[in-house]
Amino acid sequence: MLSVNSSIFFHSTFVLTGLEENDPNNIWISILICSLYGVMTLGNISILYIIKTEPNLHSPMYYFLFVLAVTDLALSMTTMPTMFSVFLLGSKEIHIDACLCQVYFLNVFTIVESGVLLAMSVDRFIAIWNPLRYVSILSKSMALRIGLFIALRAITLVLPEPLLDRQLPFCLNNVLTHAWCLHQEIIKLACADVKVHSYYGLFVVSIMISDAIMVVLSYMVILRVVLRIASQGERSTTLSTCVSHIMAVFLFYVPRIFLSVLHRFSNVVSPLTYKVLAFTFYLLPPLMNPIIYCIKNKQLRTKYVQHFRKLMVSWMVLFKLPSMFPG
């Protein structure tokens, strides 16, 4: 829909796109995306259920993992409506207000996840550096205060972005590259000076980069502490507790920062590259985090197997099937 002002057309809607227009494989891509969302949702809900129902997992490390799973769910649920609309329903138009709302929540949950990953790295640092005082330093109340600070930081930090973008006139091409709205793309379509908007977007990204740097520094200190441990077995055990978090950090920061840099400083990269990177960032971490933590965290993996076994036994009793778990 367009409005007319002084013979200039101003857009009130944007057009979202999929991977490739008129691609005969789009139906299979839609099925794949739906399957990934289903697995992601089931995996994160499983993490939430296990942590909530197991008293042994009520510690700061698992509280942060609980918040990470909630954030992954929220992040994926923010992209899900437009993703399904584009790939399943073929409806690609989105009103500017809905678009900016999606931008706001995408960036809020992104900053929240960045803060949670930083908090988890600090948690591992304290647990390895001073294990005897771990409980007293990272108490439940302290973990709660950290969580509130992370949420408030994200909410207030991102709020100016959509407010600034809403003041822009959009009279250029209104077709976006992705199946959801991104701040970097929206400001490119404005027919006005967007320096302030671009600089503020870079400021938000710089907060994530500073989080990433602090995560790297914390693990450098952790590595230094671990190398002082005399026993090779103790070194391996200590480092294994950090592997899952390092993998989650890599999956989160690398595609996100690379995507932001490409959007702002590169004019030669194909749109398909942007799309693949965006899919990687917004779908892969929420999908892989539950898998990584269940595989690498022995305590969580044990509880997950126990709950899965109970669930299977219940279904077998319900449908009067022969038991697959003798004894």
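Quick note: numbers below take in every heavy atom, side chains included, and nothing from hydrogens, waters or symmetry partners.
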- prompt: Would you call I209 and I207 a side-chain contact if the rule is heavy atoms closer than 4.5 Å?
  reply: no
- prompt: Of all heavy-atom pairs between S198 and I187, which one has the smallest distance, and what is that distance?
  reply: CA-CD1, 3.9 Å
- prompt: How many angstroms lie between atom OH of Y104 and atom CG of L159, to the nearest 0.5 angstrom?
  reply: 5.0 Å
task: Please answer whether the main-chain N or O of F14 pairs with a side-chain N or O of H95 as donor and acceptor at a distance below 3.5 Å.
output: no
- prompt: In terms of hydrophobic clustering (I, L, V, M, F, W, Y; side-chain heavy atoms under 4.5 Å; direct or indirect links), are V254 and V216 co-clustered?
  reply: no
- prompt: Between the side chain of T41 and the main-chain N/O of Y37, is any donor-acceptor distance below 3.5 Å?
  reply: yes
- prompt: Which pairs with one or both residues in residues 203-213 pass salt bridge (Lys or Arg N to Asp or Glu O under 4.0 Å), sequence neighbours excluded?
  reply: R153-D211
message: Quick one: does any side-chain atom of S218 pair with a main-chain N or O of V122 as donor and acceptor, under 3.5 Å?
response: no
- prompt: After noting the C-alpha distance and the side-chain angles of I47 and L68, does the key distance pass the side-chain contact (heavy atoms from CB on, under 4.5 Å) rule?
  reply: CA-CA 10 Å; I47 293 286; L68 181 66; over 6 Å; no
task: For K92 and T17, run side-chain contact (heavy atoms from CB on, under 4.5 Å): C-alpha distance rounded to whole Å, both residues' side-chain angles, the deciding distance at 0.1 Å, then the answer.
output: CA-CA 7 Å; K92 299 182 178 182; T17 58; 5.6 Å; no
task: Please check if the side chain of Y253 supplies one atom and the backbone of S114 the other of a donor-acceptor pair under 3.5 Å.
output: yes
query: Would M220 end up clustered with L117 when hydrophobic side chains under 4.5 Å apart are linked, directly or stepwise?
result: yes
Side-chain hydrophobic cluster, 4.5 Å single linkage: members besides V175: V15
field: Spacing of E93 atom CD and L16 atom CG [to the nearest 0.5 Å]
entry: 9.5 Å
message: Quick test of your reading: applying side chain to side chain donor-acceptor pair (under 3.5 Å), list the pairs with at least one residue in residues 68-78, sequence neighbours left out, ordered by first then second residue.
response: D72-N289
- prompt: Going by the disulfide bond (SG atoms under 2.5 Å apart) test, which pairs reach into residues 277-306, not counting sequence neighbours?
  reply: none
- prompt: Would you say the side chain of I292 lies within less than 4.5 Å of the side chain of L251, judging by non-hydrogen atoms?
  reply: yes
field: Partners passing salt bridge (charged side-chain N to carboxylate O under 4.0 Å, His left out) against R133 (at least two apart in sequence or in another chain)
entry: none
message: Within this structure, what is the CG-CD distance for the pair L176 and E185, rounded to the nearest 0.5 Å?
response: 5.0 Å
task: Supply the atom-to-atom distance I246 CD1 to M120 CE, rounded to the nearest 0.5 angstrom.
output: 11.5 Å
- request: Quick one: closest heavy-atom pair of S139 and P60, and the distance?
  value: O-CG, 4.4 Å
- prompt: What heavy-atom pair brings S121 and V215 nearest, and what distance separates the two atoms?
  reply: OG-CG2, 3.8 Å
Salt bridge (Lys or Arg N to Asp or Glu O under 4.0 Å) partners of residues 163-174, not counting sequence neighbours, each pair once: D97-R166
- prompt: Does N44 reach the main-chain N or O of M40 with its side chain, forming a donor-acceptor pair under 3.5 Å?
  reply: yes
- prompt: If you link I, L, V, M, F, W and Y whenever their side-chain heavy atoms are under 4.5 Å apart, who else ends up in the same group as L42?
  reply: none
- prompt: D193 and L168: which non-hydrogen atoms are nearest, and at how many Å?
  reply: O-CD2, 4.3 Å
query: Going hydrophobic residue to hydrophobic residue with side-chain gaps under 4.5 angstrom, can you get from V108 over to L152?
result: no
- prompt: Pick one: which of Y219, F252, F125, F250 meets ring pair (Phe, Tyr, Trp, His ring centres under 6.0 Å) with H245?
  reply: Y219
task: Could you note down all residue pairs passing disulfide bond (SG atoms under 2.5 Å apart) where residues 39-141 supplies at least one of them, sequence neighbours left out?
output: C99-C181
field: Connected via hydrophobic side-chain network under 4.5 Å: I45 and F64
entry: yes
Side-chain donor-acceptor contacts of residues 142-150 below 3.5 Å, not counting sequence neighbours, with atom names and distances?
none

statement: salt bridge (Lys or Arg N to Asp or Glu O under 4.0 Å) pairs touching residues 32-58, sequence neighbours excluded, are E54-K303
- line: Of all heavy-atom pairs linking I94 and Q102, the shortest is CD1-OE1, 4.4 Å
Least distance between heavy atoms, H197 atom then H183 atom: O-NE2, 3.2 Å
- prompt: Any idea how Y200 and F203 line up, ring-wise: parallel (<30°), tilted (30 to 60°), or perpendicular (>60°)?
  reply: tilted
message: Could you check whether any side-chain N or O of N174 sits under 3.5 Å from a backbone N or O of T13, counting only pairs where one atom can act as donor and the other as acceptor?
response: yes
query: Going from CG on L100 to CG on L163, what distance comes out if it is rounded to the nearest 0.5 angstrom?
result: 9.0 Å
message: Filter on side chain to side chain donor-acceptor pair (under 3.5 Å), then keep only pairs touching residues 60-69, sequence neighbours left out; what's left?
response: Y62-N297, Y62-Q299
task: Can you sort out the partners of Y293 under ring-ring contact (aromatic ring centres under 6.0 Å, His included), two or more places apart, ordered by chain and number?
output: none
